[in-house]
Number of protein chains: 2
Amino acid sequence: MTKMSDVAALAGVSTATVSRVLRNPETVTETTKQKVLEAIEELNYQPNMLARHFRRSQTNTILVVVPNIINTVFAEIVGGIEEEASKNGYRVLLRNSNNQIDREYGSIEHMKQRQVDGMIMLSPRLDEEILQDISEKYPIVLATAHLDETKIPVVSIDNVSSSKKATEHLIRLGHRRIAHITGQLDSMISRYRFKGYREAMKENGIDYDTQLIREGEFTFESGYEQMMNLLDQKFPPTALFAASDEMAMGAINAAKSRGVNVPEDLAVVGFDNIRFSSVFDPPLTTIAQPKFGMGEKAMELLMKKFNGEPVEQTEHILPDELIIRDSCGARLKEKLIRT
Amino acid sequence: MTKMSDVAALAGVSTATVSRVLRNPETVTETTKQKVLEAIEELNYQPNMLARHFRRSQTNTILVVVPNIINTVFAEIVGGIEEEASKNGYRVLLRNSNNQIDREYGSIEHMKQRQVDGMIMLSPRLDEEILQDISEKYPIVLATAHLDETKIPVVSIDNVSSSKKATEHLIRLGHRRIAHITGQLDSMISRYRFKGYREAMKENGIDYDTQLIREGEFTFESGYEQMMNLLDQKFPPTALFAASDEMAMGAINAAKSRGVNVPEDLAVVGFDNIRFSSVFDPPLTTIAQPKFGMGEKAMELLMKKFNGEPVEQTEHILPDELIIRDSCGARLKEKLIRT
DNA sequence: TTGTAAGCGTTATCAC
DNA sequence: GTGATAACGCTTACAA
C-alpha cells in the first residue's frame with residue numbers, strides 16, 4: 001500500500017506538506033500543491049483513514065440506535081439522518097436495539113471507546129438520568145422521544161397536541177364512544193398520545209371510559225387483537241383512535257372480519273402516516289410526522305454539537321399534520337351532506 | 001483518558017501483558033490476569049479502539065450499500081445483516097445509494113481507505129466487471145443480485161423459477177390473458193422475473209402478448225398507473241403478475257377505482273411478501289423471499305471471506321415460497337367448488 | 001511556505 | 001509467561 005511518505009518522496013517534499021495539501025490546501029503554494037497532487041495521482045494514493053482517525057481521535061462516524069429498522073417509521077428517519085450525514089461527510093453506523101435496554105446501553109460503549117463522534121437514539125428506553133449523564137460527556141441527540149427535565153436535544157412532534165387533534169376530529173364528527181389503542185405504556189410516546197386523547201375527551205365534556213382503552217404494541221397483530229376485544233363489549237365504540245397506523249390497520253381488519261364497516265360503523269384515525277396508509281382500504285386518516293425531516297433535523301443538531309455551536313432550545317418540535325382520508329368518515333359525511 | 005500504560009503501571013506489569021489479558025487471556029497466568037483485570041476495573045479503563053483499529057488495520061465494521069433503506073424489502077435484509085454482524089462482533093455502516101451508480105462507486109473508496117473490512121451490496125447497479133475487480137481485492141458479497149459469469153458470492157432467490165411458479169399459479173386457475181408489470185428493466189432482477197413469466201406462458205402454450213407487458217418502477221404509483229393503462233385496453237387482462245407487492249397493491253387499487261373486483265374480475269399475484277401484504281385488502285398472493293435470512297446469509301458468507309474459509313459456491317440460492325392468499329382467487333374458487 | 005520530529009495508544013516481535 | 005521496544009501512518013507544533 002502506498003503511503004504518504006511515498007507521495008512525499010516522489011513529489012520531493014515532506015510528509016507534512018502532503019498532509020497540508022490534503023487537509024489545508026490554502027496553506028501551500030500552488031506549485032508545490034500541483035507537484036503533490038500529481039504524485040498522488042501517479043501513485044494512486046489513498047490516505048489511510050484509520051491512521052487519520054487515530055491521530056485526530058475523530059472518526060466522522062455517528063451511531064444511530066434504532067429499536068428496529070424494519071419499522072418503516074424508523075427506516076424513514078434513518079433515511080433522513082443518512083442523507084444529512086452524507087452531506088456533511090459523516091457516515092452512519094446502524095444498530096438495532098430490538099427495544100432491549102441493555103443493547104441500548106451497550107451501544108454507549110462505542111462512544112466511550114471513541115469509535116463514533118456522536119450518536120442519535122430513536123425512541124430510547126434508557127432512563128433519563130443515564131441519558132443525561134451520557135449527554136454531558138458525549139454529543140447525543142434523541143428523536144421521537146420526550147424528556148421531562150433534561151437538556152438533551154430532542155427532535156419530535158408534539159405528541160400530546162397531535163393526538164388531541166386526532167381525537168377532536170372524531171369528536172367533531174359526532175362520536176362520543178371513542179376507543180383508544182395505545183402503544184406500550186412504558187414508552188413515553190404512548191403515554192403522551194394517550195394524554196392527548198384524554199385531554200380532548202375531557203375538554204369536550206365526554207366521560208373517560210376505561211373500558212375503551214386498550215394497550216397494544218404498535219403492531220398489526222396487537223391492533224387486531226385489541227379491536228376484537230373492544231368489539232366484544234356490550235357497547236362497542238363507534239370510533240377508534242389508534243396510536244399507530246399499523247395498529248389502526250390491524251383494528252380495521254378486525255372490524256372487517258366482524259362485518260363492521262369502516263368508516264360507516266367504526267371511524268378510525270391512526271398515527272404516523274406510513275407509506276402504506278394511503279394505499280390501505282380504506283385509506284387511513286392519520287397524523288403525519290415529518291419522518292425524513294426529523295432525521296435530517298436530528299443530524300443537523302448533532303452537527304451543531306460537533307461544531308461547538310450552541311443548540312438554542314433543547315426540544316425541537318416539528319410540525320405534524322392531520323391527514324384526512326377515508327377511514328374516519330369525514331369524506332363520507334361530506335358526500336352525504338352534498339347529496 | 002486512562003490508557004493501557006496506566007493500567008499496566010497500576011497492575012505492575014507491562015502494556016504487553018495488559019494487551020494479552022484483553023485479547024489472548026489464555027496466554028497469561030490466572031494471577032496476573034486478575035491483577036490486570038482489577039486495575040482495569042479500578043481505573044475504569046476503556047481501550048482506545050481507534051488505536052487498535054489502526055494498529056491491526058482492521059475495523060470490525062462492514063459497509064452495507066442499499067438502494068434505499070425506506071424500502072421494506074431492503075430494511076428487512078439489513079435487519080438480518082445487522083443481527084448476524086452483531087453476533088460476530090461486527091458493526092454495520094449503512095449507505096443509501098438512492099440507486100445512483102456514482103454513489104455506489106463512491107462507497108468503494110471506503111474500503112480502499114480501509115475504513116471497513118468488507119461490504120455487502122444490495123441490488124447493485126454497478127457493472128459486473130467493476131464488481132469483479134473490487135471482489136478480487138476486497139471482501140464483498142452481493143444480495144438480491146444476479147451475475148452472469150463472475151465469482152463474487154451472491155445471495156438471492158431464484159427469480160426465474162419463482163416468477164414462473166407465480167405465473168403458473170395463475171395459469172392453473174384458468175387464466176390466459178395474464179399481464180405482467182415488471183420492475184425497471186435495467187435491473188437484472190426485473191429481467192429475470194420477466195423471464196420466468198415468459199417461460200411459464202410459453203411452456204403452457206400461451207401466446208406471449210406484448211400488449212400485456214408494462215414496465216413499472218417497483219412503486220405503488222407505477223403499479224397504479226400501469227394497471228390503469230392495462231385496463232384501458234380493448235381486451236384487458238384477467239390476471240396480473242406484478243414484480244413486487246407494492247406494484248401489485250397499486251394495481252389492485254387501480255382496478256378497484258375502475259370497479260374491477262379483485263380477485264373476481266382480476267386475479268393478482270405479487271412478489272416479495274412484505275409486511276403489509278397480508279394486511280392488504282384483499283390479502284396478497286405473493287412470492288415470499290426470506291429477506292431477513294438473506295441478510296444473515298450474506299453476512300455469514302462475508303465472515304467466511306474474513307476468516308479465509310473458502311466459499312464453496314458463488315451463487316447461494318435461498319428457498320422462496322408461493323404464499324396463497326386472496327388476491328389470486330384460488331381460495332374463492334375452492335369455496336365455490338365446495339358449495 | 002516548508003521541513004523536522006515527536007507523538008497518538010495499541011499490538012507484535014523478539015528476547016529473556 | 002512476561003517485558004522491552006519497534007512499528008503502524010498520519011498530524012501538528014515548532015523550527016527554519
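Note that this is a predicted model, so its numbers are computed, not measured. Proteins come first, then strands; the chains are lettered A, B, ... in the order of their sequence lines, and each starts at number 1. What's counted below: heavy atoms across the whole structure, side chains too, no hydrogens, waters or symmetry copies.
The number of heavy-atom neighbours closer than 6.0 Å to CZ of B:Phe306, taken from other residues, nucleotides and ligands shown, is above 12. Under a cut-off of 6.0 angstrom, the local environment of OH in B:Tyr105 is sparse, with at most 12 non-hydrogen atoms contributed by other residues, nucleotides or ligands. Other residues, nucleotides and ligands contribute more than 12 heavy atoms inside 6.0 Å of the CD atom of B:Glu309.
Between A:Thr29 and C:dT2 there is a side-chain N or O to OP1 or OP2 distance below 4.0 Å. Close to C:dG3, at under 4.0 Å from its OP1 or OP2, lies a side-chain N or O of A:Thr17. Between B:Arg23 and C:dT10 there is no side-chain N or O to OP1 or OP2 distance below 4.0 Å. Within the structure, a side-chain polar atom (N or O) of A:Thr32 is placed less than 4.0 Å from OP1 or OP2 of C:dT2. Close to D:dG9, at under 4.0 Å from its OP1 or OP2, lies no side-chain N or O of A:Tyr45. Phosphate contact (OP1/OP2 of D:dT11, side-chain N/O of A:Ser19, threshold under 4.0 Å): present.
Within 4.0 Å (heavy atoms only), A:Val28 reaches sugar-phosphate atoms of the nucleic acid but no base atom.
Here the side chain of A:Asn71 pairs a donor or acceptor atom with the backbone of A:Val73 at under 3.5 angstrom.
Distance A:Lys33 NZ to C:dT1 C1': 14 Å, rounded to the nearest Å. The NZ-P distance, from B:Lys3 to C:dG9, rounds to 4 Å in whole Å. With rounding to whole Å, B:Leu50 atom CG is found 15 Å from C:dC8 atom P. At whole-Å resolution of the value, CD in B:Gln113 and P in D:dC10 are 11 Å apart. Taking atom CE of residue A:Met4 and atom C1' of nucleotide C:dA5, one finds them 15 Å apart after rounding to whole Å. What separates CG of B:Asn24 from P of D:dG3 is a distance of 15 Å, to the nearest Å. Protein atom CZ of B:Arg52 is 19 Å distant from nucleotide atom P of C:dC8, rounded to whole Å. Taking atom CD on B:Gln58 and atom P on C:dT10, their separation rounds to 17 Å, with Å as the unit.
Nearest-nucleotide positions on DNA chain D for B:Ala16 and B:Arg114 put B:Ala16 closer to the 5' end.
Between the side chains of A:Gln34 and A:Glu38, no donor N or O sits under 3.5 Å from an acceptor N or O. Inspection of the B:Thr15 and B:Ser5 side chains reveals no N or O donor paired with an N or O acceptor under 3.5 Å. The closest side-chain donor-acceptor pair between A:Glu104 and A:Gln100, if any, does not fall under 3.5 angstrom. Side-chain atoms of A:Gln115 and A:Gln113 form a donor-acceptor pair, as typed in the model, at a separation below 3.5 Å.
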Quick test: give all pairs of protein nitrogen or oxygen and nucleotides 14-16 of chain C nitrogen or oxygen below 3.5 Å, distance rounded to 0.1 Å.
none

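Residues B:Lys304 and B:Glu312 are paired through a salt bridge, judged by an N-O separation under 4.0 Å between the basic side chain and the carboxylate.
Closest contact between the side chain of A:Thr15 and the listed nucleotides D:dC10, D:dT11, C:dG9 involves D:dT11.
D:dC8 has its base stacked against the ring of B:Phe54, the centroids being under 5.5 angstrom apart at an interplanar angle below 30°.
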Inset, instruction - Give the C-alpha distance, both sets of side-chain angles, the deciding distance and a yes or no for side chain to side chain donor-acceptor pair (under 3.5 Å) between B:Thr150 and B:Glu128. - result: CA-CA 7 Å; B:Thr150 41; B:Glu128 196 160 336; 3.1 Å; yes
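An angle of 30°, rounded to 10°, separates the two end axes of the helix from C:dT1-D:dA16 to C:dC16-D:dG1, each defined over five pairs.
For D:dA7, the base has a donor-acceptor partner in the side chain of B:Arg55 [N/O atoms by modelled type, under 3.5 angstrom].
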